[in-house]
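All values below come from the heavy atoms of this structure, side chains included, with hydrogens, waters and symmetry mates left out. Quick caveat, the model's predicted, so the values are computed rather than measured.
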Amino acid sequence: MMRTVLFLACAIPFWTSGIIRTIAWIPFLGRNGAFNQMLQGVHLIDRPLDFLLFSPFAVCVTYIHLFTLLMIGPIANSLAKIDPALLEAARDAGASRWRTMVDIVIPLSKTGIALGSILVFTQVMGDFFVVKAMSGGQSASIVSQLATEIQAMQYPPAAASAMILVLFVAIMVGGMMRVVDVRKELVR
């Protein structure tokens, strides 16, 4: 029951557009935003924090919010497949929580970690709206460079950039799939 409630709490934000969820962070993180006002209200700060919006911090916060479920879903699926008897056997053998996590839980959930990483990595590499909106145009990504080249009708450099991006993503995904046998998890 608790697992379902937590999963729904993570899934509810996905009922709205990613663009809306991205833009929703602007009034929250802004100089006069809700977060700064809350910190000033409890007297933790005396003037607004400037680094919260239009910064790499804002980009990271937004990416975490947008793609958490893509990481949690495969990991939760892998964790659900772990036999509770293994965890009980580890406790009975005197293993600490840390040893149980390192020796049993992480190795048995590495496929979910790899699948989630692939999902998040490919989404982040193909996104430029979040970087543009949340960094205030101060940061760039290869996809924003690609969009600029296409708008300037510089098609050969845009095609070269696109191929570099595709090759980079393919190499990273291929590397993750060599470390973890994802196919085995998908056919279970």
Side-chain angles (χ1 to χ4, degrees), residues 5-77 109 112-177:
V5 170
L6 290 173
F7 192 75
L8 281 175
C10 292
I12 288 172
F14 280 82
W15 294 352
T16 60
S17 164
I19 293 171
I20 292 171
R21 287 183 284 141
T22 298
I23 293 172
W25 281 102
I26 294 173
F28 184 76
L29 295 175
R31 185 165 172 72
N32 295 320
F35 189 69
N36 268 324
Q37 293 203 359
M38 181 187 66
L39 291 177
Q40 286 177 318
V42 295
H43 304 292
L44 287 176
I45 58 172
D46 53 347
R47 59 188 176 90
L49 301 173
D50 292 327
F51 75 90
L52 295 177
L53 187 60
F54 304 133
S55 66
F57 173 80
V59 173
C60 289
V61 166
T62 306
Y63 274 145
I64 289 168
H65 175 239
L66 289 175
F67 301 128
T68 298
L69 190 63
L70 292 177
M71 191 70 184
I72 289 176
I75 293 173
N77 186 41
S109 62
I113 295 168
L115 281 172
S117 299
I118 289 169
L119 289 172
V120 171
F121 178 75
T122 55
Q123 291 292 312
V124 169
M125 291 305 292
D127 178 73
F128 75 97
F129 179 76
V130 170
V131 174
K132 185 175 182 181
M134 298 310 289
S135 73
Q138 297 175 25
S139 296
S141 67
I142 190 166
V143 179
S144 61
Q145 174 193 342
L146 211 130
T148 303
E149 290 170 346
I150 290 171
Q151 287 173 351
M153 291 195 267
Q154 297 176 346
Y155 298 119
S161 296
M163 286 307 299
I164 290 170
L165 178 64
V166 168
L167 285 173
F168 180 71
V169 170
I171 289 169
M172 292 300 290
V173 169
M176 285 186 224
M177 290 183 76

(request) Go through the structure and list residues passing side chain to side chain contact (heavy atoms under 4.5 Å, CB included) with Ile45, not counting sequence neighbours. (result) Asn36, Leu39, Gln40, Leu49
(message) If you define the side chain from C-beta out and look only at heavy atoms, does anything of Met134 sit under 4.5 Å from Phe54?
(response) no
(message) Taking side chain to side chain contact (heavy atoms under 4.5 Å, CB included) as the definition, give me every residue that meets it alongside Gln37, ordered by chain and number, with sequence neighbours left out.
(response) Asn32
(request) Can you see which heavy atom on Leu29 is nearest to which on Leu53, and at what distance? (result) O-CB, 3.6 Å
(request) Report yes if the side chains of Arg31 and Leu52 come closer than 4.5 Å at any heavy-atom pair, otherwise no. (result) no
(request) Taking ring pair (Phe, Tyr, Trp, His ring centres under 6.0 Å) as the test, write out the residues that go with Phe51, two or more places apart. (result) Phe57
Under 3.5 Å, sequence neighbours excluded: what are the donor-acceptor pairs made by side chains of residues 160-170?
unit_1, atom_1, unit_2, atom_2, d
Ser161, OG, Glu149, OE1, 3.2
Ser161, OG, Pro157, O, 3.1

Mind listing the side-chain donor-acceptor pairs of residues 63-74 below 3.5 Å, one per line with the distance, residues two or more places apart or on another chain?
unit_1, atom_1, unit_2, atom_2, d
Tyr63, OH, Asp127, OD2, 2.9
His65, ND1, Trp25, NE1, 3.1
Thr68, OG1, Ile64, O, 2.2

(message) Counting only heavy atoms from other residues, nucleotides and ligands, does the tally under 6.0 Å from CZ of Phe121 exceed 12?
(response) yes
(request) State which residues pass salt bridge (Lys or Arg N to Asp or Glu O under 4.0 Å) with Arg21; sequence neighbours excluded, sorted by chain then number. (result) none
(message) Ignoring hydrogens, what is the shortest heavy-atom contact between Pro27 and Ile23? Give both atom names and the distance.
(response) CD-O, 3.3 Å
(message) I want to check something: taking the side chain as every heavy atom from C-beta on, are Val59 and Ser55 in contact at a cut-off of under 4.5 Å?
(response) no
(request) Enter the distance from Ile118:CD1 to Met172:CE here, rounded to the nearest 0.5 Å. (result) 10.0 Å
